[in-house]
> 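Structure below; questions to follow.
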Amino acid sequence: MRQASLLFLVRRLVQVVPVVLAIAAVNFFLLRMAPGDVADILAGQMGHATLEFTQQLRREFGLDQPVYMQFFYYIGKLLTLDLGRSHLQQAPVIDLILDRLPATVILMLTSILIAIAVGIVLGVAAARREGRLADTLVSVTALVVYATPAFWLGLMLIVLFSIQLDLLPSGGMYQIGAGRTGLAHALDVAKHLVLPSVTLGLFYVAIYTRLMRASMLEVYGLEFITTARAKGLSETTIAWTHALRNALLPVVTLAGVQFGHLLGGSILVETVFAWPGLGRLVFDALLQRDLNLLLGILFVSSVVVVFANLAVDLIYGLLDPRIVHK
Amino acid sequence: MTAPMPPVLAVEGLSVEFRTARGVVRAVDDLSFTIGEGETVAIVGESGSGKSTAAMAMLRLIADPPGRIVAGSIRLDGQELLTLDDASLRRVRGRQIAMIFQDPMMALNPIYTIERQIGEVLRLHLGVGRAEAFAQTVELLRLVGVPAPEDRARQYPHNLSGGMRQRVMIAMALACRPRLLIADEPTTALDVTVQAQVLELIQELKTRLGMAVLLITHDLGVVAETAHRVIVMYTGGKVEEATAGQLFADPRHPYTQGLLQAAKWEESDGVELREIPGTVPSPFAMPTGCSFAPRCAAVVPRCQTDRPALTEILPGRPVRCFVAQGAAR
Amino acid sequence: MNGLALFWRRYRRNRGAVAGAATLALVVVAALVGPLLYPVDPFDMVGRPSQPPFGRFPLGTDVAGRDVLAGILNGARISLVIGILASLAATLLGVLVGAIAGYYGGRIDDMLMRVTEFFLTIPSFVLAVVVVAIFQPTVMTVTCAIAIVSWPSVARLARGEFIAQRDREYVKGCRAIGMPDWEIILLQIMPNALPPVIVVSSLMVATAILTESGLSFLGLGDPNLVSWGYMIGVARTVLRTAWWMAAIPGAMILVTVLAINLVGEGLNDALNPKLRRR
Amino acid sequence: MKASTIFTMAAAALIAAAPLAGAGAQAPKKGGTLTYTYQPEPTAISTLATTAVPVALISTKIYDGLLEYAGPGLDPKPGLAESWTVSPDNLSYSFKLRQGVKWHDGKPLTSADVKFSIETLALNYHSRGKTYFGNVTAIETPDDRSVVVKLKAPVPYFLKAFQPSETPIMPKHAFSEQEIAEKKVRQAKVMQEPVGTGPFKMKEWKKGSHIILERNADYWKPGLPYLDQVVLRVLPDGAARAIAVEKGEVDLAPMTALPPAEIQRLGKLPSLVSSQAGSEGLGPIMWLETNLREKPLADLAVRQAISLAIDRDKLVDVIWYGMGKPARGPIVSGNPNHFNAALPKLEYNPAKANKLLDDAGYKRGPDGVRFKLPQNFLPYGEEWVRQAEYIKQELGKIGIQADIESLDMGGWLKKVFTDWTYQITSDFHHNYVDPTIGVQRAFLSTNIQKGATFNNSMGYVNPKLDELLQKAAATPDGPERKKLWDDAQKIMQDDLPVIYLIEIGYTHIWNKRVKGLITNGISMYSNWDSVWLE
């Protein structure tokens, strides 16, 4: 059994390689279609650089080579897991990404956990009261939240909680220069995390609530729920043990898909809340034609997605013993 | 065979309605019957006859909305079930009345082990601990004839064969030694040899544990082998009741006759199947007279206009048919 | 006709969907005739900047003294047009890919699904941002970018429907009488496979409007046209003093997207009665 | 209030508060952290890598220049060089370095570092290095404390070259032979982990979040700096920056780091100070660059019409919230030494513009459009988009359809300076302290070079102007040079190779508790060693 799982894992990982390489290739050529390059940007930042100067920069960065040569060079380095250097930030891409990754992961995990937890509770509650007032309220709220642009919501939350009520910081990840460590630091980060994670999470709360409700209702229609009732189990027990775990499968699938997509959502939220994560970095890198950095982020993010999907498969196996990985 | 006294289950005037977008449907109509200790009563009928709804009603398992028990009484050992509060009702379910279902694959939760699903009942109703629950589960599995019960207990439903799964269902139902076992089409999903084993098992355990059994089925073969008394249902109402012997020897209602006829044909291979012509009428378009009239071979004009009442044509032989009652003028 | 009546009867049963349809109709009417009835150029500086609503201008002015109501009415057009066009394009592409993959199966299916997966692996909003930034923000590129990130889900759905349908008796029958594949796909299977796709693509309009607003917010909208997302982006800088300036277009997005979602649910009820609870 | 008057007041306050001036009304306090915000985040800590504002803001606190400067016109005063002499022919400059200055890593500063910083670094890597040091023939270091720079021709602004943002003095020992030989100076570690002689040194750089500089205890000015720390907070969203300033989370938003609307609002708050003083040495100016290579922009009448169609006062008031004033030519009016005050104001007169176009034969089509003129804009932020939208509206009124094409920085640079395929675009230049540094590059015909940025993208050729500019570049400041520049400005206003828009007033907003910020014409690029917190 365990060996089968391991084999499955290895096979999945092997399958991943061409996908990830294909992604890298498409990204490479897609980004090369952008007008201007990092030498232009650097020259622009200089104020008034000369043509000779920009050419020198291109030589320095290897941008004077034909595109296919640059591509082979890039892929070659990629195969040795070298993401190259950011010409603009003058640092290895991997360092820049690793620098930002924790912030994004914290934000993503918190939001997705909030979303799943709240979504499950609300979805189950709504499903158990199907058609009644509570259900209608939850469903309508979910729909409204689902329709709210996240960045707008973020701005409104700042106005309310940061400006009017002065309860929470308006941005950043922790109070800079306060030099807090340990628990105090963690609490500080938590305080800064509230608004962005709620903003990013609310949209997904709506999705998970709806999904959970639908999924629960579907499970409620299955016969083993009747069996459980016939056994004399209370409705609460039935909901939280028999129904929930079965209803979780689609939620897990979605979570896997969304973990990757959170990077997209986090562009907006990180911008609004000055969260020092990857989402913002990707946007800046794009505007500054920091090709290597951009490629690196996209690469890492697709690897994250691939692993998230892998995790989903594994969690599937944990949730549902019928699923055997072949 | 006579019914032992007093009855374990006494149902009287039970009516169940469903509210749908197209109107109210009466799924069970004024159903009454009793089951004594050690007795097996079968309810037969085609699908849509209301027999499963009736079975579900015994444990008040009909989803509300849309369904509702609108009239009647269900007494278990003299205790009225329809007025019980939720907590008391849960103490009846699984403990005093247990149920097994048509498709054990669907009726077992796919993500929990056998042990967990049986143990759950034991822990809930008998308050035993985890270890004790496991021990009893193994005993129960052994009782219902599951080989290697210790191993099986730790497996999941999908690891078992259909027959084994149904045995597990039975073990689960029997966990608390219920007074009444309701078996809703317990063998339909199984192949023929396994069917026989399962039925035999139920019979044997019934005797051993002194339960009453309510068997819901459309299979007259099953009835013949196991039931003491038989209730024939059509469009939600009882159309005939008799001991099994009487029924097979001397069916009075044309519907019963049709069922028996169809069953006989079914047994002899190679010959063209003959079923009762026509279909069960839509609950939204019930005929004004006898609901069987449109399909009835013995139909007389009165059947189209009046609805026959359930009348005893012999002691203990109620039939709902003008022709059988000799009132077909 | 009868089918339409049945559809309407089923649809009508969902009160939220009826309310959604009514709201959506209002928005569409506002988009169509609003700019005619209220012919103010949304880019014209007509007054003092940042005036609150209900003064000289019904919804106030924006940071550059431009009429917010004019922006809302004109923005309705852009937001709806982009939303609808992007979903249409995504639906067409998605159905095409899904149909071919599902109908033919085998290696074609494998290949097409790899491509689909590829698009699903890149975070969609990131991809949209990249595409728009690279090809310059215009209505065209924004629409295309949204379509590019939206089609894979349609493709998957359509593929599933086609797989479910392709071995049905009627399809076998069509093959038996020598009907060409394209005819089977387009005229025979498509009508049966379409209802769930319609539901999904109606919901996609809502997502597309949100995506467009996000892009505009990042400054990646068409600079020659007013959209609601653009208006929020503009108002962002004066959030503190003139919150309504962001709140009004934000509320418009919310209401419109909500209405579309409700309509989507209604369609779901009406077109997929068996999937009613999804 | 005019910027210059604010400046004088601030300068007076500073002199009163300066430590050397003795008993002031308020004695400076030591300690505290000054937090400022600017967008975007710097990409390196040295203006050799790029002279972009965020880099200059932070690196000038770490790296000293050879000299320091006073007043809006940047009068040189001793810095790392405690004294200097200039030969009568203006061809030899001798600097004497201060004794006992140490790098942040403890090593002593020597004349070799200075020579290296000029010869190897500034000349080759700084974008204005050739403007300053192109005439240098030799740099001699007779001893550890002496530097002699020889020129082949006089450079009138030569002493202005030693600002910390222009010629940062960097440690020679921080660069490897290989980095210098392979011209990979930009990749040196010191670009990210700076080692300077300035009042602050690098403590922590958390990319995407903040940079913390801490007090250099061994700073060569005794008792300075007052501040314990200078912190840069990275806040990508303008509204968020404003909120942070308003809440006191950030003390300073320099150089229009906030959205103009917010600056206008925050400037009125009692807790904050808003000022346009202190950027005279930069002289920011904005214009519409016009591609003169083809019709219709080759036609002077068209350019005049465009100029007449734009209401610069409204542009300043509405789009820039009053932060700036209408421009009259390429040199900002705040430049006391070189601005030609006789230049007339640029008129706003759409009727005249329409007539000009009618007379020049540009007939309106049935849709009222005479011709299309796609418009680009410098992607520096929201206001630039608003401005493009405004220009589109105004040009629309005279029958020119100027649809906006949105490009990000990379695309814009390529289109404007490499491909020359734009029609009109907003652009923005710094005059710097001398017009030869900041102005001539955009108008000299020899600066029509594909791929070189912020130069003569218009393809503008006027031999008479070329001659004036070149002459001015080699003439020492004085009436003769003033005349040359006055004439040049007249030509540049008449020819309208670009449509001058406005002189942007860099607005700095700070918390009242911050004192001593405005010291000269490049206050934000100064080292803040005497800034203190109340």
> Answer yes or no: does atom NZ of A:Lys191 have more than 12 heavy-atom neighbours from other residues, nucleotides or ligands under 6.0 Å?
no
> Pick one of side chain, backbone, both or neither for A:Ile158, based on which atoms fall under 4.5 Å of a heavy atom in chain D.
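A:Ile158 touches chain D through side-chain heavy atoms alone.
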> More than 12 heavy atoms of other residues, nucleotides or ligands under 6.0 Å from OH of A:Tyr73: yes or no?
no
> Name the option with the most non-hydrogen atom pairs under 4.5 Å to chain D; the candidates are A:Pro276, A:Ala103, A:Ser86.
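Of the options given, most contacts go to A:Pro276.
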> For each of D:Met191, D:Lys130, D:Lys206, tally heavy-atom pairs with chain A at distances under 4.5 Å, and name the one with the top tally.
D:Lys206
> Would you say NZ of D:Lys247 has more than 12 non-hydrogen atoms from neighbouring residues, nucleotides or ligands within 6.0 angstrom?
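Buried by this count: over 12 neighbours within 6.0 Å.
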> Could you tell me which portion of D:Glu214 (side chain, backbone, both or neither) has an atom closer than 4.5 angstrom to a non-hydrogen atom of chain A?
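The answer is neither part of D:Glu214.
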> Taking all non-hydrogen atoms of both residues, which atom of D:Lys207 and which atom of A:Arg100 are closest, and how far apart?
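Looks like O-NE, 3.1 Å.
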